[in-house]
Every structure is written in C-alpha cells, then in structure tokens.
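Counting convention: from 1, in listed order, for ligands and their atoms alike. Bear in mind that the values here come from a model prediction, so they are computed numbers and not experimental data. What you see below is based on every heavy atom in this structure, not just the backbone, and it leaves out hydrogens, waters and symmetry mates.
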Amino acid sequence: MIQYDEKTALFRLRGDTYDYVFALYEGKPEFLHFGNRTDGDLRPLRRYDYKSFSPMIADEPGARSFGDMALEYAEYGRGDFRTPAVQIAGDGFISTDYRYTGHRIVSAHPEADGLPVFRGGETLELTLSDRLSDSTLTLYYTVYPRALVRRAAITAGRKPLTVRRLASFSLDLKGMYELTGLFGGHAAERHRRTWQPQAGKSVIESSRGTSSHQANPFAALAEPGAGEETGRVYGAALVYSGSFRIETDIDQLGNTRLVAGYNPDDFCYPLAAGTTLTAPETLLVFSDSGYGGMSRAMHDTVRDYLLPEKFVYAPRPIVINNWEATCFDFDTDTLCRMLDKLKDTGIDMFVLDDGWFGHRDDDRSSLGDWFLYEKKLPGGLDALIAKAKECGMRFGLWFEPEMISADSELYRAHPDWCIHTEGREPLTSRHQLVLDFSRPEVVDCIFRQMEAVLAKYDIAYIKWDMNRHLCDMPDFTTQHRFTLGMYELARRLTERFPDLFMEGCSGGGGRFDLGMLKYFPQIWCSDNTDAQARCLIQYGTSFPYPLSASSNHVSICPNHYTGRTTPFATRGAVAMLGAFGYELNPAQLTAEELGSIRRQTEDYRANEALVLRGELYRLSDPERTGIFCCELAAKDGSRARLTYVRFAMSDCPVSPRVYPKGLTDTATYEVRVGDAESLRFTGRTLMAAGIELPAVWRDNTAVVVDIIRI
Ligand code: DGJ
C-alpha cells in the first residue's frame with residue numbers, strides 16, 4: 001500500500017512487514033524510516049543534526065545542510081560530500097539540485113529499458129527535476145509484502161549530459177552497522193564475510209563486466225549485536241549482472257549511507273537530449289528477526305516476483321552432466337555407455353556439456369560456431385536424444401553464447417566482432433575473446449545460430465556458460481551495453497522457446513545474481529563440487545538467494561578441486577539443498593552405487609517441495625564453527641528437514657543439540673534420523689528442548705533429520 005499525505009507531504013510505503021517513510025522538505029525528499037510499522041507524522045521524530053563546515057541550504061536560522069540530512073537520493077555538488085547516488089556533468093554544470101515535481105502510483109510494473117525487473121507490486125514513481133541541467137530524475141519504489149524494490153532513471157531535457165554515476169537508490173540510516181558481503185574467487189564463490197566498519201567508506205564491487213566470482217552484488221547491514229534470528233538487519237541485492245558497486249559511507253555524525261548501482265570505475269554514459277538512462281532495480285529488505293528473517297524475505301520475494309513463473313515452483317529436472325566425467329574427451333559411444341547405465345536411476349535430464357560443436361576438442365577453438373561437430377558425434381544429436389529418451393531422460397546442451405574463439409568460422413568472417421580497442425591486441429582468457437554484445441547484429445547472429453539448433457532438435461534444457469571477464473573495452477558504455485545485449489538474447493530465447501529451461505553458469509557461480517535469475521530459474525553454484533567446500537559456498541549463497549536457485553551436483557571423489565574424499569551420502573545431502581543433479585560417469589559405477597543414486601533421487605523428489613517453497617533457517621555459521629547445519633521448513637509447519645555436516649571429527653564424536661524452528665507448537669511430529677527408530681514430540685518441545693544428533697565418527701559425515709507432522 002502506498003499513501004501520500006498532502007498536508008505533511010509524507011509518503012508511507014507499507015508492506016506486510018515494514019514501513020518505508022519519507023517526506024518532502026522544500027521539495028527535497030528526506031528519508032525518515034525503513035523498519036517496522038509506524039503511524040502518523042514521523043517528521044518530528046527526526047532530530048536534525050548539524051555539523052560545522054556543511055554548507056547551508058539557506059543562510060538563515062534553522063536552515064539545514066544537504067551534507068547532514070538523511071536524503072532520499074543523494075546528489076553531487078551541493079554541499080553533500082558523502083557518496084552520491086547520481087552525478088552528471090554538462091555544459092556549464094557538474095552539480096544538481098533535484099526538487100519534487102510530481103508523483104503517480106501505478107499497478108503495472110514499469111519496464112526499465114531492457115534491464116530485468118521484478119513483476120507485479122504497486123509502484124510509486126516520484127519525479128524530480130533540476131532546472132539548471134534541465135534533466136529529470138525519476139525514483140521508483142515497488143512495494144511487495146516482504147520487500148521494497150527501488151530504482152532510478154535520469155532523463156536529459158534539452159541539454160545533453162554525461163552520467164558519471166547512477167545508483168538504484170541511496171539509503172541514509174542513523175547509526176553504524178555491521179556489514180556483510182559475499183566474496184571469493186573461481187571455485188570459492190560467495191564466502192560470507194562480516195565486519196564492522198568504524199568510519200569512512202566500504203566498498204563491495206566488481207569491475208569485471210560481470211557480477212563476478214570475486215564479489216557478489218549483495219550487502220547486509222545489521223545493527224550491532226544482531227544475530228541469525230535476532231536484531232534489525234537490512235538486505236540489498238542488485239538486479240544486475242555487470243560491473244556494480246555497493247558502497248557504505250559513514251559520515252562525521254556516525255550515520256551510514258548505503259548506495260548501490262553501476263560501478264563508476266567503468267561507467268560514464270553520454271545522454272543525448274531527450275533520452276533516458278535507467279539504473280538497475282535493487283531488492284531491499286528490512287528484518288527485525290536477524291539475518292535469517294532477511295534471507296527468508298528475500299527468498300520469498302525472489303521466488304514470487306522474479307524467478308521465471310513457469311519454472312519456479314515446478315519440479316526441477318534431475319540433471320546428469322558429463323563435464324567432470326569426460327571433459328572434452330567423448331564421442332557418441334562414450335555418451336551412449338553413460339546413458340545406458342542411467343535407466344531407472346531417477347535422473348531425468350542428460351546435459352551434454354562443452355565440446356559438441358564446431359571442431360572443439362579443447363578450449364582453443366570453435367566458440368561462436370554453434371553447429372554440430374559431426375566427426376565427434378556420428379549419428380548426430382538426434383541419435384543421442386533418442387537414446388536419452390529410451391533411457392528415460394530428456395536432453396540438454398551447453399552453450400557459451402557471449403564468446404568467440406580466434407579459431408572459429410565466426411571469427412574468420414567477423415574479426416572485428418570481439419570486444420577490442422582499435423590499435424591494441426585484445427587479451428585472451430581461456431584462449432577466448434568476448435563477443436561485442438553491445439552490437440545488435442552480433443546478438444542477432446548468435447540468436448539465429450542457437451535458434452537453428454534448438455528448433456531442429458528436441459532440446460529441453462540449456463546450460464549457458466560464460467568463462468572469462470571483460471577487458472579492452474573501447475569506452476565507458478560498452479560494458480553496460482554488453483550486459484543489455486546479453487539480457488536481450490536471454491529474453492529472445494525465452495520468448496521463442498517458452499518451454500526451454502535455462503541454467504545459468506559462469507565458470508561455476510561467477511554470475512550468480514538477480515539479473516540472471518530473471519531468466520534462469522537456477523544457476524550452477526560453483527565448479528567446486530566438494531561437499532565440504534560446497535557447505536561454505538551454499539551457506540553464503542543462501543543469504544540473498546533462495547536454495548532452488550542454486551544448482552548442485554554430486555560428483556566423483558577424490559574431488560578434482562580439493563582432492564578430498566567425502567562420503568557419497570554427504571555429497572547427496574549437501575547437493576539436495578538446491579536443484580539436484582550429478583556430474584560423474586555412471587559407466588564407471590557399480591550396481592550398488594547406481595542403486596544409491598536411485599535412492600537419492602527418490603529422496604530428493606520426496607523433499608523437493610521444501611527446496612522449492614520452504615523457509616530456510618541457518619542453525620550454524622560454518623565459516624566460524626566448522627559445522628554446517630540448516631533447516632528447511634514447510635511454511636504450513638507440516639514438515640522440516642535438518643541437514644548437519646561437521647567438517648572435522650576433532651577430539652570427540654559428540655554432536656551438539658540443535659533447535660529446529662518453524663514448527664507448529666501444538667502439533668506432534670515424528671523425528672526420523674537415518675534408520676534409527678523414530679521418536680515423537682510436539683513442535684513446542686522440539687523447538688524449546690532441541691534434538692540430540694547422533695555421534696559421528698568420521699570427518700564430513702552428514703546427519704539428516706526429517707521432522708514430519710503426524
Ligand atoms: C565452466 C563450467 O562451470 C563447467 O561446469 C563446464 O561447463 C566448463 N565451463 C566447460 O567449459
């Protein structure tokens with residue numbers, strides 16, 4: 001619900017779990033509150049703090065300074081020296097002073113110039129203009145039950161201008177906050193890092209042309225002392241897959257500004273008169289029940305209003321992918337031997353990974369040539385697809401649409417189609433170059449090639465990979481226009497093939513963000529499939545992203561990244577905390593091992609509703625404790641599953657007592673742990689007194705507890 005009170009010029013945006021309030025102060029929107037529900041006029045609550053050396057808005061008693069106010073959207077050059085959300089320059093101006101000119105409330109979610117957006121909700125569009133630059137700033141606020149989505153757009157009037165910075169939003173919070181971000185690298189994505197900034201600026205960013213393995217476009221701000229289920233926590237996640245910056249700035253009064261948008265390091269955008277530039281949407285959540293409450297609100301909003309509607313709550317394909325088993329070294333016979341073994345395992349999607357096209361036998365050739373490598377696959381894809389069907393599976397294919405190999409027909413025909421700077425040899429990474437998706441003809445060529453393959457063969461699934469980051473760009477607009485070109489290809493494919501299921505991937509989870517999740521119901525979480533490493537990666541990933549967005553496979557041991565051997569059951573239990581599948585060679589498995597796969601796929605299907613719709617409770621912080629423990633509970637309290645992994649069996653095998661959540665107090669539950677005799681307790685007892693887990697005698701042994709209402 002969006003309310004506007006004309007007398008007080010106060011806007012109140014109300015979800016089920018929060019109020020977001022701001023008011024106009026001399027036409028400038030001033031932020032008042034984002035938190036639990038409020039009533040009436042909040043303006044008098046706010047004390048105005050002034051600190052010397054802040055230029056005044058008017059030279060009179062009681063006047064204010066932009067430099068000390070809680071501003072709704074921070075500008076540059078008018079006495080606010082904190083991080084701006086918008087900064088433009090034109091002939092004769094580098095500052096702005098946007099003032100309110102009007103607003104409207106719309107029920108259709110406004111489109112955003114090719115950027116992915118949430119769907120539904122009620123949106124407030126607030127229009128502000130700056131006389132000198134003749135430009136207009138539009139702030140968008142979409143209200144959902146458990147979250148607010150914000151973005152901004154700038155429109156040049158009669159004067160052309162250059163946009164040096166543009167953020168989705170800024171948020172001026174009173175006080176200082178603990179900051180959480182997700183950091184890492186290839187095969188080590190999204191490790192949770194939490195620290196307490198004491199002063200100045202903290203930055204979470206990527207300038208790699210993708211959201212990256214190294215830093216994720218998500219941040220949480222928690223009041224000191226907040227925990228997993230207690231305290232006030234804010235979460236922010238950008239709906240964008242290119243370079244980004246999320247910044248906090250603590251000012252001289254000890255207050256914190258949060259800003260998120262394009263990364264000004266590789267962004268500078270000329271706007272012709274009359275044209276508009278839009279910043280990506282950001283999902284904003286307030287929780288008064290800690291990080292857990294924040295995550296559950298984010299998960300719900302992403303599932304209900306962003307992930308592709310057609311697939312979000314439908315059973316996911318149980319995939320087997322040949323990459324870890326064969327790498328590039330396969331032919332029709334190898335694949336058929338794999339397929340033969342998969343009958344009756346419950347796996348229902350065979351995905352043929354890299355190496356099926358052009359003349360690709362290693363990573364030096366053929367990207368851009370999306371036609372069958374016939375010599376390698378005699379009989380063609382039709383034969384393989386028929387074989388997969390015969391063995392109870394549909395068929396999927398790997399693509400890397402945004403890339404080009406120098407050794408390809410496409411490159412020989414269009415050497416200028418790769419991103420490059422005239423006069424400089426572009427750098428390669430994994431021997432490949434990046435296609436300039438800022439050019440519509442390039443996107444169109446790749447679309448046509450993919451369309452030809454997808455229309456010719458019965459392909460139910462694609463894995464869309466992206467294996468290098470961007471450099472050698474000719475200007476500061478290419479990176480963003482490349483990202484828009486990538487979204488355009490994803491949009492065209494989903495429109496042309498509405499039943500096609502697309503999995504995102506970027507050398508594992510190098511592009512795991514809400515922008516991709518608009519088109520991809522799930523994303524390959526990491527190339528690191530070691531169960532222990534995955535506990536940490538999936539733990540971090542779960543802060544903003546629902547578990548069903550994470551694609552996880554059981555793979556072979558010793559693990560090819562860590563060299564570690566973990567029990568098969570642990571690999572299964574961890575991989576089941578997301579969209580489930582396999583990455584191994586079934587032709588090398590015994591009948592008993594194939595039987596274990598069958599039992600795992602049955603178990604996954606029986607509990608899949610929890611993964612797709614359940615509420616997540618993180619019961620331990622594995623980064624700190626070496627113990628991974630989380631619970632998925634059905635929203636109606638009908639069942640829950642608890643997954644526990646202790647990485648190292650150190651001095652004693654005793655397991656801790658764990659306290660489930662999200663059960664119904666008065667209901668009776670059966671608690672099942674492995675083959676042990678089940679026990680019965682009420683929900684109240686289980687949540688209050690906890691469950692004693694069995695002792696484990698081996699490193700990385702998983703304990704899975706099912707709690708079923710009877
Ligand atoms: C990187 C991906 O993350 C892997 O799963 C695999 O698809 C390879 N690329 C193929 O080149």
side-chain hydrogen bond (donor to acceptor under 3.5 Å, both in side chains) involving D340 - partner list, sequence neighbours excluded: K387

Pairs flagged by salt bridge (charged side-chain N to carboxylate O under 4.0 Å, His left out) wherever residues 426-442 is involved - sequence neighbours left out: D354-R430, D363-R430, D416-R439, R439-E441

Pairs meeting criterion salt bridge (charged side-chain N to carboxylate O under 4.0 Å, His left out) with involvement of residues 521-548, two or more places apart: D530-R564

Check: C418 and M403 side chains under 4.5 Å, non-hydrogen atoms: no

Under 4.0 Å from ligand 1, counting heavy atoms only: the protein residues, by chain and number: W323, D353, D354, W398, R430, K463, D465, N467, C505, G507, G508, W524, D527

Derivation of the ring pair (Phe, Tyr, Trp, His ring centres under 6.0 Å) call for H480 and F244: CA-CA 10 Å; H480 175 55; F244 71 91; over 10 Å; no

Shortest non-hydrogen separation from E425 to D472 and the atoms involved: O-OD2, 4.3 Å

